[in-house]
Amino acid sequence: MHNSSATLPVILTGDRTTEPLHLGHYVGSLKNRVALQTTHRQYLLLADTQALTDNGRVRANVLEIATDYLAVGINPNETTICLQSHLPALAELTLLYMNFVTVARLERNPTIKDEIQARGFGRDIPAGFLCYPVAQAADITDFKATIVPVGEDQAPLIEQTNEVVRRINRQAGVDVLPEAHALIPRVGRLPGIDGKAKMSKSQDNAIPLSATADEIREAVRRMFTDPNHIKASDPGRVEGNVVFTYLDAFDEDRIAVEDLKARYTRGGLGDSIVKKRLEDVLQAFLAPIRDSLRALARDPGYVLQVVKCGTARAREMTDAFARCSRCA
Ligand code: ATP
Ligand code: MG
């Protein structure tokens, strides 16, 4: 089945094993992963080591996130799902790469800056947290990945990976490592339902993939729109209006969405009509995922079994698997 897989372009991406995944993860990355798994050699890394840099509850989340993958349509026969902590080569490479990046450069990384602020670390930044872009560079390059499907917030991290790649190639005098391309979707960052820039579990503004019908209804009802659009007849703003951003991300009928935007901007279209459309779209999108999550929850043994890092073809493809503690 995978005879030609060795020649396919390689994807590596993944998720920190913190909270269960939400619509933001789907829009930013999961959707592309599902779409590309048949035409690429895809690896998904459950980044449990990275999650330890700022989080305690990691083990239970490995199961939760693997379950989320399968529920949205990741096919374990097409995609190799693996566990970061079981691949010692990644840690070794991280240590080596530490010599190719400066603390000042890490502190200047805009994503890291934002995240340090959001977590309130002040100067008490765990060194492992500051260095997680280096670990990410190790993950991407060890798999020789050239495509990394991620949300917009990750772009500076891929840039930093490529800086490490260029340094190492220059030092080696030959291109030993390929550069990676961040594959960012049209809607690259899904805002929170409260209008904040990023949907995030920690900000309590997320719709998880497991949301019930009632939770979806309530989230859409609470959703931030244009605060100056008071009467239906008022002209409204589409930019920064979360309901329209979600329609852009989830409504397949682009023409209908553009028509709604035009009517809203002109005036004469109430929030409740736009919200009703979004609610219908999200209910239809999440219902089958919720059903799959329920079915998978009855069989955690199956889910854990697909978190493998030692399939024969995986071992052929990457050094990372050579000394995996699960496949030894
Ligand atoms: P959270 O803060 O909710 O846990 P996160 O940023 O920690 O989210 P990660 O596990 O670091 O999530 O990222 C997994 C992937 O999901 C990354 O590619 C990231 O860009 C993407 N992602 C996460 N949240 C969003 C969002 N709101 N919009 C688009 N992409 C997102
Ligand atoms: Mg996360």
Side-chain angles (χ1 to χ4, degrees), residues 11-36 42-58 60-62 64-69 72 74 79 81 83-84 109-121 128-129 131-133 135-137 139-140 145 147-161 180-211 219 223-224 240 242 245-246 248-250 282:
I11 290 178
L12 182 280
T13 188
D15 301 274
R16 299 169 350 108
T17 49
T18 55
E19 307 288 340
L21 302 181
H22 54 59
L23 288 181
H25 296 113
Y26 184 83
V27 169
S29 185
L30 293 171
K31 188 177 181 187
N32 271 335
R33 301 179 200 177
V34 173
L36 298 175
Q42 178 162 262
Y43 300 96
L44 299 185
L45 194 63
L46 294 165
D48 56 341
T49 314
Q50 186 178 318
L52 280 175
T53 61
D54 71 339
N55 203 286
R57 187 175 169 264
V58 167
N61 292 107
V62 167
E64 282 169 353
I65 293 187
T67 306
D68 287 340
Y69 286 171
V72 297
I74 293 296
T79 294
I81 301 171
L83 200 54
Q84 193 178 37
N109 185 310
T111 304
I112 299 298
K113 261 186 172 163
D114 287 353
E115 292 183 347
I116 285 171
Q117 180 122 41
R119 285 164 178 73
F121 284 144
F129 186 87
C131 295
Y132 92 70
Q136 234 167 276
D139 299 339
I140 293 168
I147 299 167
V148 189
V150 281
E152 196 178 87
D153 60 297
Q154 292 282 310
L157 292 161
I158 310 303
E159 187 42 43
Q160 188 147 22
T161 289
H181 168 70
L183 184 68
I184 297 169
R186 190 171 44 87
V187 176
R189 183 187 300 247
L190 196 70
I193 61 170
D194 55 358
K196 288 212 184 100
K198 194 178 159 211
M199 175 178 282
S200 168
K201 193 80 207 199
S202 48
Q203 306 257 4
D204 196 25
N205 64 7
I207 302 179
L209 296 175
S210 61
M223 215 170 256
F224 181 84
V242 172
T245 310
Y246 281 55
D248 278 338
F250 289 99
L282 292 183

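Each ligand, and each atom within it, is numbered from 1 in the order the structure gives. Residues take their numbers from the sequence shown, with the count starting at 1.
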Just distances here: any N/O of Thr13 and N/O of ligand 1 closer than 3.5 Å? no
Show the numbers, then the answer: is there a side chain to side chain contact (heavy atoms under 4.5 Å, CB included) between Leu183 and Leu36? CA-CA 11 Å; Leu183 184 68; Leu36 298 175; 3.4 Å; yes
Taking all non-hydrogen atoms of both residues into account, name the closest pair between Ile140 and Thr161 and its distance. CD1-OG1, 3.8 Å
Would a distance-only check, ignoring hydrogens and angles, find a side-chain to backbone donor-acceptor pair under 3.5 Å from Tyr246 to Pro191? yes
Taking only non-hydrogen atoms of Leu190 and a 4.0 Å limit, the atoms of ligand 1 in range are 26 (C), 27 (N), 28 (N), 29 (C)
Backbone N/O of Asp248 and side chain of Arg186: donor-acceptor pair under 3.5 Å: yes
Of the choices His25, Arg16, Gln203, which has the non-hydrogen atom that lies closest to atom 12 (O) of ligand 1? His25
By number and element, which atoms of ligand 1 are closer than 4.0 Å to a non-hydrogen atom of Lys198? 5 (P), 6 (O), 8 (O), 23 (C), 24 (N), 25 (C), 26 (C), 27 (N)
Atoms of ligand 1 under 4.0 Å from any heavy atom of Arg189, numbered from 1 in the order shown, are 28 (N), 29 (C)
For Ser200, the ligand 1 atoms with a heavy-atom partner under 4.0 Å come out as 1 (P), 2 (O), 3 (O)
Heavy atoms only: give me the nearest Pro156-Thr111 pair and the separation to one decimal. CG-OG1, 3.2 Å
Could you list which atoms of ligand 1 come closer than 4.0 Å to a heavy atom of Val150? 18 (O)
Geometry only, no angles: is Asp153 polar-contacting ligand 1 at N/O separations under 3.5 Å? yes
Below 3.5 Å, N or O to N or O, backbone or side chain included: is there any such pair between Gly151 and ligand 1? yes
N/O of Pro149 under 3.5 Å from N/O of ligand 1, yes or no? no
Are the side chains of Ile74 and Gln42 in touch, meaning some heavy atoms are under 4.5 Å apart? yes
Side chain to side chain donor-acceptor pair (under 3.5 Å): pairs with one or both residues in residues 148-160, sequence neighbours excluded: Asn109-Gln160, Gln136-Gln154, Glu152-Arg189, Glu159-Arg166
Does even one non-hydrogen atom of Gly192 get within less than 4.0 Å of ligand 1? no
Under 4.0 Å to a heavy atom of Met199 - the qualifying atoms of ligand 1, by number: 24 (N), 27 (N)
Closest non-hydrogen contact found for Asp15 with Tyr69 is OD2-OH, 2.6 Å
Does Glu19 reach ligand 1, in the sense of a heavy atom lying below 4.0 Å from it? no
Should Lys198 and Asp114 count as an ion pair when the cut-off is N to O under 4.0 Å? no
If you measure every N/O of His22 against every N/O of ligand 1, is any gap under 3.5 Å? yes
Suppose I only count heavy atoms of Gly28 and a 4.0 Å limit; which atoms of ligand 1 are within that range? 29 (C), 30 (N)
Taking only non-hydrogen atoms of Gly188 and a 4.0 Å limit, the atoms of ligand 1 in range are 29 (C)
Starting at CG of Leu45, measure out to CG of Asp139 and round the result to the nearest 0.5 Å. 5.0 Å
Over 60° means perpendicular and under 30° means parallel, so tell me whether Phe250 and Tyr26 are parallel, tilted or perpendicular. parallel
Evaluate Glu152 for polar contact with ligand 1, using N/O atom pairs at a separation under 3.5 Å. no
